[in-house]
Each structure stands twice: as structure tokens, then as C-alpha cells.
Amino acid sequence: MVTSKRFIAISTLSLLTAGAIEPANAQNPPPPMVSPDPIADIPITSFDPSLLFANYSWRSFIALNWPAKAGAANRGQADRTKAFSDVSGQRVWSTWKSRYEIFQPDGAIPRPWASYDGKNPCGDGFSNEVVTLSSFTAFSDFNQATFNLQTLGNPLVAQTKVYSRYEVRVNQQEFETIVGHKWYLASNLPTANTPVPFNDGSIEVKAAWRILTLADTPAIRARYYILTKAQVFDVATAKCVTQDIALVGLHIVAKTPNRPQWIWSSFEHVDNVPGITTEPKPPAGIPFSFNDPGKPQTLDPPRRPSYG
């Protein structure tokens with residue numbers, strides 16, 4: 001369930017990195033467009049492709065955050081009768097198959113795309129149609145990505161003393177790749193010597209959520225895209241409870257015919273941390289989610305990672 005507060009607030013998420021754009025030329029980027037239709041690919045061009053990648057990424061962001069049609073039969077479909085700013089209902093990406101729907105206990109075959117059936121990591125009585133921040137394996141929804149899948153990444157803690165929580169979802173093309181090759185079973189995973197590509201058009205998203213507390217005033221909440229009554233695993237009680245959550249980051253990863261290495265686009269909310277250059281600042285009285293202004297405002301490590 002989405003709060004009545006404006007979803008358009010999520011459109012203020014600032015672009016961190018992006019992997020593609022479309023040809024025009026470096027001085028004449030494509031005109032901006034708000035549409036439920038993403039760009040299918042980024043052409044190979046001799047021009048600097050950075051603007052094309054940025055355009056692709058923002059168009060993907062808008063299309064995937066478009067209001068979605070309701071019901072299992074319509075998973076992944078935009079509701080074209082609604083405007084992007086309509087706050088009612090789910091977003092397109094949030095109707096995709098979740099990680100826990102694909103990787104079920106005991107290697108069970110995932111239920112068909114147009115279905116919300118299957119076990120939920122919160123247990124009986126909890127629906128897969130509701131955003132669930134829990135997992136069948138310990139810490140999966142707390143873990144940040146690392147280069148070593150065997151190593152637990154550092155968790156991200158907000159200034160309100162709550163852990164950031166993550167969920168992963170995939171579109172129908174990626175879901176059909178996984179199910180078609182039975183990659184939900186570890187024994188069937190491809191190796192370096194037997195590579196198998198994902199289907200073109202495969203997309204997955206990783207969403208980062210911050211659990212809201214009493215410290216989050218109405219003025220703070222108005223800045224975010226918020227889901228109410230999400231199913232969240234509570235570590236203290238070892239049970240799932242319903243809580244309000246705010247979206248603070250979204251990774252979009254897509255495989256296209258021209259970009260088989262995948263296009264990576266990352267967005268974060270403008271109120272996460274202070275900007276480095278000209279990024280907008282939150283208004284007076286609105287704190288950053290992950291930065292304490294009373295501590296030294298220096299980077300550690302001092303140099304940012306290179307994206308080149």
C-alpha cells in the first residue's frame with residue numbers, strides 16, 4: 001500500500017552512475033520524456049555515449065516506477081491510464097518476481113510468472129503480493145553487494161539506528177532465463193567453462209529501503225516514496241511485523257543486444273548524504289538519512305572509487 005504522499009518525490013533521486021545512452025550526439029542529447037516505455041537499447045556510437053547512457057537510465061527509472069496494473073495476471077505491466085505522479089498502487093518493478101519467489105526452500109520449482117503463489121519467507125499467512133523484507137537465508141536482505149559471494153558485506157545503518165534493508169526483483173525475461181535453465185538449483189548453475197547467457201531484455205532491480213520510526217515526522221515522510229504495511233522481519237522478536245518503509249536507493253541492471261555486459265544504473269535519494277558538488281540540499285529541519293553533520297565531514301577512504 002502506498003501512502004497518499006506524493007510518489008513524485010522519488011523522481012528527485014539523484015543519478016550516481018549509469019551505463020548507457022542513445023545516439024544523437026554529445027552536444028545534442030535526446031529530448032527528455034516522461035513515458036511508461038523504456039528505451040530498448042543504447043546504440044553503438046563513435047560519440048561520447050555518456051549522455052545517451054544517462055538518458056537511457058532516467059527513461060528506465062521513469063518507466064519502471066510507473067503505476068502498475070493490479071493482479072497477478074498483469075505482473076510487470078504499466079497502467080497507461082495513470083500518470084507517473086499517481087501515488088496509488090504498486091510500481092511496475094515492484095510487481096516483478098522477487099528473489100524469494102524464485103529461490104524457494106528445498107529447490108522447489110518457482111510458480112509461474114503470472115502468480116503470487118509460493119512460500120513467503122515470513123511464513124504462513126504472509127502474501128507474496130506484499131513487499132517483504134525478509135529472506136529464506138540469514139542476512140540476505142541486510143547484505144550489501146560484494147565481489148565475493150561468500151563474504152558478508154557491511155550493513156548500512158541509518159541515523160535513526162535502523163538497518164537498511166534490500167529486496168531484489170527480476171522482470172519476465174530474466175525470470176524465464178532462470179527457470180528455463182533451472183538455475184534455481186545450485187547444481188545447474190553455469191561455470192566459467194560452461195557459460196550460458198541471460199536472455200536479451202533481462203532486467204533486475206535492487207531496492208534499498210529505510211524502515212521509518214517515530215523520529216520520521218510528516219515533513220520528513222513527505223520527501224519519500226513510502227510503502228505502508230510492508231512485511232518486515234524484526235530481528236528482536238524473530239518475527240515479521242508490518243512497518244512503513246521509505247525507498248532510499250534503486251539499482252537497475254539490464255542486458256541488451258548492444259550491451260551484453262549489462263547496463264548499470266544507480267539512483268539514491270537526495271536526502272541520503274550531503275552532495276559533493278551542486279546536488280540539492282534538504283530544506284531546514286530535514287535531516288540526512290545516513291549522515292551525522294556533527295561528525296567530521298571527510299571521505300574515508302579520502303578518494304572516491306573510479307567509475308572509468
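When the salt bridge (Lys or Arg N to Asp or Glu O under 4.0 Å) test is applied to Glu167, the partners found at least two apart in sequence or on another chain are Arg169. With sequence neighbours left out, Asp79 forms a salt bridge (Lys or Arg N to Asp or Glu O under 4.0 Å) with no residue at all. Not counting sequence neighbours, Gln261 has no partner by the side chain to side chain donor-acceptor pair (under 3.5 Å) test. Applying the side chain to side chain donor-acceptor pair (under 3.5 Å) test to Thr194 and every residue at least two apart in sequence or in another chain returns Thr191. Applying the salt bridge (Lys or Arg N to Asp or Glu O under 4.0 Å) criterion to Lys119, with sequence neighbours excluded, gives no partner residue. For Ala219, the side-chain contact (heavy atoms from CB on, under 4.5 Å) partners are Thr217, Ile286, not counting sequence neighbours. Residues passing the side chain to side chain donor-acceptor pair (under 3.5 Å) test with Ser187: none are found, sequence neighbours excluded. Lys295 is linked by a salt bridge (Lys or Arg N to Asp or Glu O under 4.0 Å) to Asp292, counting only residues two or more places apart in sequence or in another chain. For Thr95, the side chain to side chain donor-acceptor pair (under 3.5 Å) test picks out no residue, with sequence neighbours left out.
Contact annotation: the side chain of Arg75 approaches that of Trp113 to within less than 4.5 Å [non-hydrogen atoms, C-beta and beyond]. Between Glu268 and Val273 there is a side-chain heavy-atom pair separated by less than 4.5 Å. Here the side chains of Thr45 and Pro43 are not in contact, with every heavy-atom distance at 4.5 Å or above. Residues Gln173 and Asp200 have side chains not in contact (no heavy-atom distance under 4.5 Å, counting atoms from C-beta outward). Using a 4.5 Å heavy-atom threshold, the side chains of His251 and Ser265 count as separate. Side chains of Arg259 and Ile44 form a contact here, defined as non-hydrogen atoms less than 4.5 Å apart. For the pair Ile263/Thr256, a side-chain contact is recorded, criterion being any heavy-atom separation below 4.5 Å from C-beta on. Looking only at side-chain heavy atoms (C-beta outward), Val232 and Thr242 stay at 4.5 Å or farther from each other.
By the criterion of side-chain heavy atoms lying less than 4.5 angstrom apart, applied directly or through intervening Ile, Leu, Val, Met, Phe, Trp or Tyr residues, Val130 is not grouped with Tyr225; the two fall into different hydrophobic clusters. If you chain together hydrophobic residues whose side chains sit under 4.5 Å apart, Val241 and Ile211 never meet in one group. Note on Met33 and Ile252: separate hydrophobic clusters, where clusters join Ile, Leu, Val, Met, Phe, Trp and Tyr whose side-chain heavy atoms are under 4.5 Å apart, directly or indirectly. Val131 and Phe126 are not part of a single hydrophobic cluster, where members link through side-chain heavy atoms under 4.5 Å apart. Residues Phe267 and Phe84 fall within the same hydrophobic cluster, defined by Ile, Leu, Val, Met, Phe, Trp and Tyr side chains chained together at heavy-atom separations under 4.5 Å.
In summary, Asp86 and Arg91 do not engage in a salt bridge, as defined by a charged side-chain N under 4.0 Å from a carboxylate O. A salt bridge is defined here as a Lys NZ or Arg NE, NH1 or NH2 lying under 4.0 Å from an Asp or Glu carboxylate O, and Arg223 with Asp271 meets this definition. In this structure, Asp141 pairs ionically with Arg165, as a charged nitrogen and a carboxylate oxygen lie closer than 4.0 Å. Taking a cutoff of 4.0 Å between a charged side-chain nitrogen and a carboxylate oxygen, Asp244 and Lys229 do not qualify as a salt bridge.
Judged as a ring pair (Phe, Tyr, Trp, His ring centres under 6.0 Å), not a single pair has a partner in residues 274-298 (not counting sequence neighbours). For the disulfide (SG to SG under 2.5 Å) condition, the pairs that include at least one residue of residues 208-267, sequence neighbours left out, are Cys122-Cys240.
In the model, Asn291 has a side-chain atom that pairs as donor or acceptor with a side-chain atom of Gln297 under 3.5 Å. With no hydrogens or angles considered, no side-chain donor-acceptor pair links Asn199 and Ser202 at under 3.5 Å. No side-chain N or O of Thr177 forms a donor-acceptor pair with one of Glu174 less than 3.5 Å apart.
Of the inter-residue distances, the one linking Ser94 atom OG with Leu64 atom CG reads 10.5 Å to the nearest 0.5 angstrom. With values rounded to the nearest 0.5 angstrom, Tyr116 atom OH is found 8.5 Å from Lys97 atom NZ. The CD1 atom of Ile39 sits 13.5 Å away from atom CH2 of Trp58, with the distance rounded to the nearest 0.5 Å. Atom CD in Gln231 sits 9.5 Å away from atom CG in Leu133 (nearest 0.5 Å). With values rounded to the nearest 0.5 angstrom, Ile178 atom CD1 is found 11.5 Å from Arg99 atom CZ. The distance from the NZ atom of Lys161 to the OG1 atom of Thr213 is 11.5 Å, given to the nearest 0.5 Å.
In terms of heavy atoms, Glu204 sits closest to Val168 at OE2-CG1, 4.4 Å. Ser115 and Glu101 make their closest contact through O-OE2, 3.8 Å (heavy atoms, listed as atom of the first residue, atom of the second, distance). A pairwise comparison of heavy atoms in Trp66 and Val34 identifies CZ3-CG1, 3.8 Å as the closest pair. Ile203 approaches Ala254 most closely through the heavy-atom pair CG1-CB, 3.9 Å. Looking at every heavy atom in both residues, Ile109 comes nearest to Tyr184 through CG1-OH, 3.5 Å. The minimum heavy-atom distance between Asp41 and Asn258, with the atom names listed, is OD2-N, 2.9 Å.
Ring orientation note: the planes of His181 and Trp183 are close to parallel, at an angle under 30° on the 30°/60° scale.
The distance between the ring centers of Tyr163 and Trp209 does not fall below 6.0 angstrom. Side-chain rings of Phe142 and Tyr166 stay apart, their centers remaining 6.0 Å or farther from each other. Residues Phe175 and Trp96 place their aromatic rings such that the two centres sit no closer than 6.0 Å.
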Kindly indicate, with the supporting measurements, whether the criterion side chain to side chain contact (heavy atoms under 4.5 Å, CB included) is fulfilled by Tyr224 and Ser289.
-> CA-CA 11 Å; Tyr224 291 88; Ser289 288; 2.9 Å; yes
Given the rule in the side chain to side chain contact (heavy atoms under 4.5 Å, CB included) test, do Asn128 and Asp117 qualify, once you have shown the distances and angles that lead to the verdict?
-> CA-CA 7 Å; Asn128 286 331; Asp117 294 338; over 6 Å; no
Audit row: Arg59, Ser35, side chain to side chain contact (heavy atoms under 4.5 Å, CB included) steps and yes/no | CA-CA 7 Å; Arg59 286 285 300 274; Ser35 168; 4.3 Å; yes
After noting the C-alpha distance and the side-chain angles of Val253 and Val205, does the key distance pass the side chain to side chain contact (heavy atoms under 4.5 Å, CB included) rule?
-> CA-CA 6 Å; Val253 190; Val205 298; over 6 Å; no
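Taking Ile, Leu, Val, Met, Phe, Trp and Tyr as hydrophobic and joining them when side-chain heavy atoms fall under 4.5 Å apart, one finds Phe136 in a cluster with Tyr100.
With hydrogens and angles disregarded, no donor-acceptor distance shorter than 3.5 Å links the side chain of Thr132 to the backbone of Ser134.
With respect to Arg210, the side chain to side chain contact (heavy atoms under 4.5 Å, CB included) criterion is satisfied by exactly one of Leu247, Thr160, Ile245: Thr160.
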